[in-house]
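Inspection log for the structure reproduced underneath, given as structure tokens.
These figures come from a predicted structure and were not determined experimentally. Letters A, B, ... are given to chains in the order of the sequence lines, protein chains preceding strands, and every chain is numbered from 1.
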Number of protein chains: 2
Amino acid sequence: MATKFNCPIRYALDIIGGRWKIIILWNINKYKIIRYGEIKKRIPEISHKVLSQQLKELESDGIVYRNEYYEIPPKVEYSLTDKGHSLIPIVEIINEWGQKNMSC
Amino acid sequence: MATKFNCPIRYALDIIGGRWKIIILWNINKYKIIRYGEIKKRIPEISHKVLSQQLKELESDGIVYRNEYYEIPPKVEYSLTDKGHSLIPIVEIINEWGQKNMSC
DNA sequence: CGGAATCCAAGACGATACTG
DNA sequence: CAGTATCGTCTTGGATTCCG
């Protein structure tokens with residue numbers, strides 16, 4: 001997969017460029033360990049289907065852990081991998097820029 | 001428009017979250033002043049229409065200047081505004097992350 | 001050359017229902 | 001509760017054309 005990209009910035013954007021990825025990382029980092037339903041509650045605009053998809057992609061890119069408890073009803077917790085943690089400075093700098101430039 | 005968002009990170013993502021925005025900013029910053037056709041040449045995968053759209057959005061968000069020379073054939077140069085420059089640290093940190101994590 | 005407008009295809013998304 | 005699958009909709013994007 002890495003061979004798809006000739007250029008580092010495109011590799012990075014392929015991982016974090018998804019419409020909700022930064023917001024999802026932002027929330028996982030905030031709560032450290034967070035259940036699926038809790039993420040959904042924090043990001044109401046995202047649909048069930050899309051949230052699942054994006055989490056799956058983040059997992060397969062090695063950004064988040066998925067910890068499944070084999071219970072009924074199911075319980076799944078998400079948290080950041082080391083690679084995921086290394087993205088947090090990006091998330092934070094984007095947030096800071098927003099704070100400085102949002103006029104309200 | 002700013003009132004659309006309750007949260008800084010969403011405001012920021014609305015501006016830079018577009019599929020090609022970061023790549024476009026990356027290129028404008030690299031050349032400081034760059035013509036439309038030159039951007040197109042640097043990002044061959046983006047179509048004429050989409051590049052125009054994204055540039056227009058970046059212009060209306062106050063990120064890039066559009067400098068039109070009234071000639072035939074037309075000549076249009078793009079450059080970063082101050083607000084646009086303030087986004088460069090974000091672009092660079094994303095690039096750095098890509099360099100560290102791209103395995104090739 | 002850069003941009004607007006058109007038309008059409010591809011794919012993203014939401015809603016829903018079903019499973020363990 | 002979390003995830004998958006299906007389906008219909010609707011946005012997005014590409015190709016093309018025309019204009020200044």
Side-chain angles (χ1 to χ4, degrees), chain A residues 1 4 10 13-25 27-28 31-81 84, chain B residues 1 4 10 13-25 27-28 31-81 84:
Chain A
M1 187 222 243
K4 254 175 70 186
R10 303 216 185 182
L13 288 171
D14 185 61
I15 291 180
I16 62 167
R19 188 88 134 270
W20 299 98
K21 300 252 173 96
I22 294 285
I23 299 282
I24 292 170
L25 292 178
N27 278 282
I28 298 181
Y31 296 96
K32 305 305 172 195
I33 297 174
I34 184 171
R35 294 184 62 174
Y36 174 89
E38 198 61 24
I39 304 178
K40 182 82 184 67
K41 209 181 297 172
R42 308 273 156 209
I43 317 175
E45 312 95 305
I46 192 172
S47 75
H48 181 38
K49 180 180 147 194
V50 173
L51 179 53
S52 300
Q53 281 174 348
Q54 304 255 310
L55 283 168
K56 214 161 135 185
E57 289 173 21
L58 287 169
E59 191 197 356
S60 79
D61 283 330
I63 306 301
V64 305
Y65 282 125
R66 181 176 177 280
N67 198 345
E68 179 167 6
Y69 296 81
Y70 294 91
E71 309 169 351
I72 303 290
K75 172 177 169 183
V76 178
E77 287 176 346
Y78 289 92
S79 55
L80 295 177
T81 63
Chain B
M1 189 223 246
K4 253 175 69 188
R10 304 218 183 183
L13 288 172
D14 186 61
I15 291 180
I16 60 166
R19 188 86 132 276
W20 300 98
K21 301 253 173 95
I22 294 284
I23 298 282
I24 292 170
L25 293 179
N27 278 281
I28 298 181
Y31 298 93
K32 305 306 171 195
I33 297 174
I34 183 170
R35 293 184 64 173
Y36 174 89
E38 199 60 25
I39 304 179
K40 182 82 184 64
K41 210 182 298 174
R42 309 271 155 212
I43 319 175
E45 312 94 305
I46 193 173
S47 75
H48 180 41
K49 179 181 150 193
V50 172
L51 178 54
S52 300
Q53 282 174 346
Q54 303 256 310
L55 283 169
K56 213 162 138 185
E57 288 173 22
L58 286 170
E59 190 196 358
S60 80
D61 283 330
I63 306 301
V64 304
Y65 283 125
R66 180 177 177 282
N67 199 345
E68 179 169 4
Y69 295 81
Y70 295 91
E71 310 169 349
I72 302 289
K75 171 175 168 183
V76 179
E77 287 177 343
Y78 289 93
S79 56
L80 295 177
T81 63

Original post:
Can a side chain N or O of Arg66(B) be found less than 4.0 Å away from OP1 or OP2 on dG2(C)?
Top reply: no
**OP:** Let me have a per-nucleotide readout for nucleotides 12-20 of chain D, 5' to 3', with B, S or -, counting only protein heavy atoms under 4.0 Å.
**Re:** -BBB----B
Original post:
Do NZ/NE/NH1/NH2 and the carboxylate oxygens of Arg35(A) and Glu38(A) come within less than 4.0 Å?
Top reply: no
Subject >> Distance in Å, Leu58(B) CG paired with Leu80(B) CG, rounded so as to fall on 0.5 Å steps >> reply: 9.0 Å
**OP:** Measure the CZ-CD1 distance between Arg42(A) and Ile28(A) for me, rounded to the nearest 0.5 Å.
**Re:** 13.0 Å
Original post:
Looking at Lys40(B), does any N or O in its side chain come under 4.0 Å of the phosphate oxygens OP1/OP2 on dC1(C)?
Top reply: no
**OP:** Take atom OH of Tyr70(A) and atom P of dG3(D), then tell me their distance rounded to the nearest Å.
**Re:** 11 Å
**OP:** For Ser52(A), report the nucleic acid contact type (base, sugar-phosphate, nothing); a contact means any heavy atom under 4.0 Å.
**Re:** base
**OP:** Report the distance from atom OG of Ser60(A) to atom CG of Leu55(A), rounding to the nearest 0.5 Å.
**Re:** 11.0 Å
Original post:
CZ of Arg35(A) versus P of dC1(D): gap in Å, rounded?
Top reply: 8 Å
Original post:
Roughly, in whole Å, what's the span from CG in Leu55(A) to P in dG3(D)?
Top reply: 7 Å
Subject >> Shortest side-chain distance from Lys56(A), nucleotide among dA2(D), dG2(C), dT4(D) >> reply: dT4(D)
Subject >> Value rounded to 0.5 Å, distance of CD1 in Ile39(A) from CD1 in Ile34(A) >> reply: 5.0 Å
**OP:** For Tyr36(B) and dA4(C), give me the distance from atom OH to atom C1', rounded to whole Å.
**Re:** 11 Å
**OP:** Figure out the CG/P separation between Leu51(A) and dG14(C), and round it to whole Å.
**Re:** 11 Å
**OP:** Report yes if a side-chain nitrogen or oxygen of Tyr78(B) is closer than 4.0 Å to either non-bridging phosphate oxygen (OP1 or OP2) of dG3(C); otherwise report no.
**Re:** yes
**OP:** Return the value, rounded to whole Å, for the distance between atom CD of Glu57(A) and atom P of dG3(D).
**Re:** 14 Å
Subject >> Spacing of Ile43(A) atom CD1 relative to dC13(C) atom C1', expressed in whole Å >> reply: 16 Å
Subject >> Interatomic distance where OH belongs to Tyr69(B) and P belongs to dG3(C) [whole Å] >> reply: 13 Å
Original post:
Just by modelled atom types, is the Gly62(A) backbone N or O under 3.5 Å from a matching donor or acceptor in the Thr81(A) side chain?
Top reply: yes
**OP:** Just jot down the side-chain contact (heavy atoms from CB on, under 4.5 Å) partners of Tyr69(A), sequence neighbours excluded, or say none.
**Re:** Asn67(A), Glu71(A), Lys75(A), Glu77(A)
